[in-house]
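What you see is a predicted model, and the numbers here were worked out from it, not measured in a lab.
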Amino acid sequence: MDKVVIHMTKNFLNLPNIKVPLILGVWGGKGQGKSFQCELVFAKMGISPITMSAGELESGNAGEPAKLIRQRYREAADIIRKGKMCCLFINDLDAGAGRLGGTTQYTVNNQMVNATLMNIADNPTDVQLPGMYNKQENPRVPIIVTGNDFSTLYAPLIRDGRMEKFYWAPTREDRIGVCMGIFRTDGAPREDIVKLVDTFYGQSIDFFGAIRARLYDEEVRKWVSEIGVENVGKRLVNSKEGPPTFKQPGVTIKRLLEYGYMLVQEQENVKRVQLAEKYLKEAALGDANEDDIRHGNFLS
C-alpha cells in the first residue's frame, strides 16, 4: 500500500529537478495477492483504474495492442482532465510482453508493446494516436503493472528512470495478517490461523483462499443430493426461487488442516505426472540403472 500510494502521489506532484518514473512494477511469486492488493489500494484511494490484462497485449493484427495501450492511456488522461484521479493498471505484463524460455515466439506485437511503454514513460504528456497528431498536452497518467518475473521483459523498459520496481514477498506476519482477513467472517481464532500458516509455510496466499472455498464443499454436496443432480440447472439458472443460501460452516483447525493436506496432495499429483513423463521419455530403466548400463552390467 505504501509503495502504490507514494508512486501515485509523486506522479501527480510537481517536484523540482526530480525525474519520477512513470511505471511502478509490482512483481513476485504466483498467487501472492499482487493484483488483489493493488485493487484494494485503488478502492481506498477512491480510484477507478483503467485495467488491461496480458491477453490484450497480443493480437492477430500487427500493432493493435500498442494502439490499445495508447488509447487506454488517453482515456485515463481524459478522466484526470475532468478532475478525478486515475491510473492505467496492466495485469501480468510479463505473460503478454515477456519471453518465457526459448519456445516463446517474439512477435512484432511484443516488440511494439515494449517500445510503446518505453515511449510513454519517456514522454508521458505527449501520447498521440495514429491519425491524431495535435500537439495538445495530455495529463500525466501513472502506470502500475504486475508480473511474476520481470527479467523476461525487454531490459531497457525496466531501467530505473522508466520503471520503479517493487518485489512483493510477504513475510510470515504479512501472511498471517492476510489469512486473518480471509477467515475473518468465520471467527477463526488467531492461534488457529498461525498454526495453519506455519504448517503450510511454503504455500502462496491464494492456497489459503482455496482452503476456505473447500469449507463449503460439504454444504453444496448435501444440497445437491437433496434436490438431485438432474435438477441443479433448473434451480440455479433463471429460477424464480433464486439461488440457495448456505449457513456458514464451522471452522476448526482440524478441518482446515485436512483440506490443506488435500490441496497439497493435488499439487503432488501434478508433479508426479511430470516426473512420470520425464521417466518414460528419457530411459526405460530410469536414472537408477545408468551406471550399470554404462559398464554393461544390466539388471535382469
Taking the side chain as C-beta and beyond, is there a heavy-atom pair between [X] and [Y] under 4.5 Å?
X      : Y      : result
Leu57  : Ile69  : yes
Met118 : Arg162 : yes
Cys38  : Ile144 : yes
Thr116 : Val113 : no
Pro124 : Arg140 : yes
Asp206 : Phe36  : no
Met85  : Ile80  : no
Val264 : Gln203 : yes

If you count every heavy atom of other residues, nucleotides or ligands that lies below 6.0 Å from [X] atom [atom1], does the total exceed 12?
X      : atom1 : value
Lys254 : NZ    : no
Tyr154 : OH    : no
Asn14  : CG    : no

Short side-chain to backbone donor-acceptor contact, [X] and [Y], under 3.5 Å:
X      : Y      : result
Asp186 : Val251 : no
Arg72  : Met52  : no
Tyr73  : Val127 : no
Asp94  : Asn148 : yes
His7   : Val20  : no
Thr146 : Asp92  : yes
Lys165 : Leu24  : no
Lys34  : Gly29  : yes
Lys10  : Leu15  : no
Asn119 : Ala115 : no

Taking all heavy atoms of [X] and all of [Y], pick out the closest pair and write down the distance.
X      : Y      : value
Asn110 : Ala97  : ND2-CA, 4.0 Å
Ala62  : Val108 : CB-CG1, 4.4 Å
Ile90  : Leu93  : CG2-CD1, 4.1 Å
Val145 : Met163 : CG2-CE, 4.1 Å
Ile79  : Ile50  : CD1-CD1, 4.0 Å
Gly260 : Ile211 : CA-CD1, 3.7 Å

Could you tell me whether [X] and [Y] make a salt bridge, using a distance below 4.0 angstrom between a side-chain N and a carboxylate O?
X      : Y      : result
Glu218 : Arg221 : yes
Lys67  : Glu64  : no
Asp198 : Arg172 : yes
Arg81  : Glu75  : no

Start with the C-alpha distance between Arg214 and Arg255, add both sets of side-chain angles, then the distance that settles side chain to side chain contact (heavy atoms under 4.5 Å, CB included), and finish with yes or no. CA-CA 10 Å; Arg214 283 278 178 114; Arg255 282 186 79 186; over 6 Å; no

For the hydrophobic clusters of this structure (ILVMFWY residues joined by side-chain heavy atoms under 4.5 Å, transitively), does one cluster hold both [X] and [Y]?
X      : Y      : answer
Val41  : Val178 : no
Ile193 : Tyr201 : no
Ile6   : Met8   : no
Leu215 : Tyr261 : yes
Trp168 : Ile176 : no

Take Lys271 and Glu268 through the salt bridge (charged side-chain N to carboxylate O under 4.0 Å, His left out) test and state the conclusion after the steps. CA-CA 5 Å; Lys271 287 182 193 169; Glu268 290 300 320; 3.7 Å; yes

Check the pair Asn91 / Ser35 against side-chain hydrogen bond (donor to acceptor under 3.5 Å, both in side chains), numbers first and verdict last. CA-CA 7 Å; Asn91 271 315; Ser35 303; 2.7 Å; yes

Quick check, are the ring centers of Phe89 and Phe42 under 6.0 angstrom apart? yes

Taking the ring centre of each residue, are Phe166 and Trp27 less than 6.0 Å apart? no

Residue pair Ser204, Arg175: steps toward the side-chain hydrogen bond (donor to acceptor under 3.5 Å, both in side chains) verdict: CA-CA 9 Å; Ser204 61; Arg175 294 155 70 80; over 6 Å; no

I would like to know whether Thr171 and Asp174 meet side-chain hydrogen bond (donor to acceptor under 3.5 Å, both in side chains); could you show each step before the answer? CA-CA 5 Å; Thr171 61; Asp174 289 331; 3.2 Å; yes

Side-chain donor-acceptor pair under 3.5 Å between Gln32 and Gln37, yes or no? no

Anything under 30° is parallel, anything over 60° is perpendicular, the rest tilted; go ahead and classify Phe207 against Phe200. tilted

